[in-house]
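Let me begin by presenting the structure, written as structure tokens, before commenting on it.
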Amino acid sequence: MKKHNFSAGPCILPQEVLLKASEAVVDFNSLGLSLVEISHRSKDFVEVMQTARGLTLELLGLQGKGYQALFLQGGASMEFLMVAYNLLEKKAGYLNTGTWSDKAIKEAKLFGDVVEVGSSKDENFKYIPKGYTIPSGLDYLHLTSNNTIFGTQMKKFPTTDATLVCDMSSDIFSRQLDFSQFDMIYAGAQKNMGPAGTTLVVIKEEILGKVSRTIPSMLDYAVHIDKDSMFNTPAVFPVYVSMLTLQWLKKLGGIKAIEEVNDKKAQLLYSEIDLNPFFEGYAHIEDRSKMNATFNLTDAKMKESFESMIKEAGINGLNGHRSVGGYRASMYNALSLESVGVLVDVMSELERKG
Ligand SMILES: *Cc1c(COP(=O)(O)O)cnc(C)c1O
């Protein structure tokens, strides 16, 4: 039986996507060949790449606005350094909202000055800093829209003249935003889009070409744009599965439709966390993430019964990250409202049994 998969990443993907992907591994487009054994330069794969790139811009509402979508490798972690390599000449601003922004800051410091415009480290990243000032003269400002580990999410983004770069690894395609407020967005596929192995980069071409250093080809966004995201062999399988997920999302009605479901899921779980005396949330209420809900038991004595009930209910991946502890329910796009219902039933059952 299929489990209710709350894993933070690699994470749940739509069942129909997994089925189609498994068929393509054996025989792709009735070619008598597997997707993973044909040339990435073949007409069949070039079409996959172009469809994935096009659907990305279409779903984000960025078509015809000077953006390019790329499917690169190295994970979101590679973008931590590529962003700085390509965009940081003197000084960049970073909002430090957790482990991932912290790592991005570390890489950027290799290339120039980094100003931490705000940080929530003082409370182990339970909240999103607000009311910070953005210094002038930044090459760019870097944000993390959703903090996968701590369960916080930015609800508002600063209005600034600075080039805006956002790590959206764990909430891309989950909610409607004016994506054109960002000059660059990146996301590791394995949180809300596909298998690990490819990283989506959406970038406005006009922000490139402004740094004086020489950039190695593989790390140069302009090279990847020029080669239509095929400078070298792309991660053909992850790109294909990402394309299928984007097609699935489009068929559902796009980001608007999935956001309605995501809102319902978050509403259902957080109201249980707040009403059930056996549980307490981790993140500040106003900054709670709709993708990753972090919570804990109020009485550690209940741990054993809760965890055996979870297991019995077929729930997977609920353990919190080691830096936070407790539990984390990741409710990415492909997780159904029914699965959240199963978790909430277990939580209320625990309260009933006392
Ligand atoms: C998981 C995650 C990363 C790291 O992604 P990799 O693809 O493993 O490098 C970076 N940022 C955020 C917000 C994440 O959730």
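Order of appearance sets the numbers: ligands from 1, and atoms from 1 within every ligand.
- Ligand 1 lies out of reach of Met168, whose nearest heavy atom is not under 4.0 Å from it.
- Applying the 4.0 Å criterion to heavy atoms of Gln190 picks out, from ligand 1, the atoms 5 (O), 6 (P), 7 (O), 8 (O).
- Remark: Glu16 engages Lys251 in a salt bridge, criterion side-chain N to carboxylate O under 4.0 Å.
- Arg175 and Asp171 are joined by a salt bridge, as a carboxylate oxygen and a charged side-chain nitrogen come within less than 4.0 angstrom of each other.
- Atom 5 (O) of ligand 1 has its closest protein heavy atom at Ala76 CB, 3.4 Å.
- Note on residues 307-317: pairs passing salt bridge (Lys or Arg N to Asp or Glu O under 4.0 Å), not counting sequence neighbours, are Lys303-Glu307.
- Close contacts between ligand 1 and Gly75 involve ligand atoms 7 (O), 9 (O) [criterion: under 4.0 Å to a heavy atom].
- Shown in contact with Asn146 at under 4.0 Å from a heavy atom are these atoms of ligand 1, numbered in order with element: 13 (C).
- In terms of protein heavy atoms, atom 4 (C) of ligand 1 is closest to Trp100 CZ3, 3.5 Å.
- The nearest heavy-atom contact from the protein to atom 14 (C) of ligand 1 is Lys191 NZ, 3.0 Å.
- With respect to Asp139 and Lys91, no salt bridge is recorded, no charged nitrogen being found less than 4.0 Å from a carboxylate O.
- For ligand 1, none of its N or O atoms has an N or O atom of Thr144 under 3.5 Å away.
- In this structure, Phe306 has its ring center under 6.0 Å from that of Phe279.
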